[in-house]
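See below for the structure under consideration.
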Amino acid sequence: QVQLVESGGGLVQAGGSLRLSCAASGRIGSINAMGWYRQAPGKQRELVATITSGLRINYADSVKGRFTISRDNAKNTVYLQMNSLKPEDSAVYYCNIEARTILKRTYDYYWGQGTQVTVSS
């Protein structure tokens, strides 16, 4: 199986920055896409940013120009640098990876436990 451990959430004032990390471990064969999603109270989970193994990146319109996603394949880790944070960015942030274990030929999606980001006005 694959385990994801997220870190870096917290409380920050509007205009501030945070950096989220998500490290994958376990019997990983390979990782394709990695990404971040978020869910605010009473709202559906939404995509924030994704990055493929070929480094193709996709951002939600609401975070373009403020957030940067990156990955370190040697560490099986994906990052989300969040700048110019706004109160509406407050949510639980989840990492998600598309990975294949060493025992399988097919890919599955795995989710982290979530980390809270709160932006005060």
Side-chain angles (χ1 to χ4, degrees):
Q1 283 292 347
V2 176
Q3 297 81 39
L4 302 180
V5 178
E6 302 167 0
S7 60
L11 173 64
V12 65
Q13 289 188 331
S17 298
L18 284 174
R19 189 190 194 211
L20 305 182
S21 299
C22 174
S25 62
R27 307 179 75 179
I28 298 172
S30 64
I31 298 176
N32 189 9
M34 308 179 84
W36 291 93
Y37 292 72
R38 66 186 181 186
Q39 188 168 19
K43 295 188 177 182
Q44 289 189 329
R45 189 172 298 188
E46 63 177 4
L47 180 147
V48 176
T50 59
I51 182 169
T52 69
S53 56
L55 301 183
R56 184 166 55 197
I57 292 174
N58 181 48
Y59 292 106
D61 288 343
S62 59
V63 307
K64 284 180 180 177
R66 299 188 298 122
F67 290 11
T68 302
I69 190 171
S70 61
R71 62 191 285 172
D72 184 334
N73 292 328
K75 297 180 179 179
N76 289 335
T77 299
V78 60
Y79 305 97
L80 186 68
Q81 178 65 44
M82 305 185 293
N83 299 328
S84 302
L85 282 161
K86 305 175 181 180
E88 50 264 44
D89 294 317
S90 297
V92 178
Y93 283 69
Y94 297 91
C95 71
N96 173 266
I97 68 168
E98 182 186 17
R100 178 180 61 80
T101 67
I102 60 176
L103 299 176
K104 295 180 67 175
R105 294 183 177 182
T106 57
Y107 285 81
D108 293 305
Y109 290 93
Y110 298 88
W111 290 93
Q113 81 284 358
T115 185
Q116 178 70 47
V117 171
T118 302
V119 185
S120 62
S121 58

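Counting begins at 1 with the first residue of the sequence. As a basis for the values below, the full set of heavy atoms in this structure was taken, side chains included, without hydrogen atoms, waters or symmetry mates. This is a predicted model, so every value here is computed, not measured.
Rounded to the nearest 0.5 angstrom, R100 CZ and I28 CD1 are separated by 11.0 Å. Interatomic distance, M34 CE to N96 CG, rounded to the nearest 0.5 Å: 9.5 Å. Put simply, CD on Q1 and CG on L103 are 9.5 Å apart, with the number rounded to the nearest 0.5 Å.
Two residues are said to be in side-chain contact when any heavy atoms from C-beta on lie closer than 4.5 Å; E98 and T52 fail this criterion. Side chains of R38 and V63 form a contact here, defined as non-hydrogen atoms less than 4.5 Å apart. Using a 4.5 Å heavy-atom cutoff, the side chains of N58 and L47 are in contact. The shortest distance between side-chain heavy atoms of T68 and Y59 falls below 4.5 Å. Annotation: side chain of I31 is not in contact with side chain of N73 (no heavy-atom distance under 4.5 Å). At least one side-chain heavy atom of F67 sits under 4.5 Å from a side-chain heavy atom of L85.
The heavy-atom pair separating S53 from N32 by the smallest distance is OG-OD1, 3.2 Å. Here the closest non-hydrogen pair linking S30 and Y107 is OG-OH, 2.7 Å. Nearest heavy-atom pair, I51 versus R71, reported as atom, atom and distance to 0.1 Å: O-NH1, 3.3 Å. The heavy-atom pair separating V2 from A24 by the smallest distance is CG1-CB, 4.4 Å. Considering all non-hydrogen atoms of both residues, A91 and A40 come closest at CB-N, 3.8 Å. Here the shortest heavy-atom pairing between V117 and M82 reads CG2-CE, 3.9 Å.
Within the structure, salt bridge (charged side-chain N to carboxylate O under 4.0 Å, His left out) pairs that include any residue of residues 50-69 comprise D61-K64, R66-D89 (at least two apart or interchain). Within the structure, side-chain hydrogen bond (donor to acceptor under 3.5 Å, both in side chains) pairs that include any residue of residues 3-17 comprise S17-N83 (at least two apart or interchain).
Listed by chain and residue number, nothing satisfies the salt bridge (Lys or Arg N to Asp or Glu O under 4.0 Å) test with K75 (two or more places apart in sequence, or in another chain).
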Residue pair I97, N76: steps toward the side-chain contact (heavy atoms from CB on, under 4.5 Å) verdict: CA-CA 10 Å; I97 68 168; N76 289 335; over 6 Å; no
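Paired with Y37 under the rule ring-ring contact (aromatic ring centres under 6.0 Å, His included), one option of Y93, W111, Y94 passes, and it is W111.
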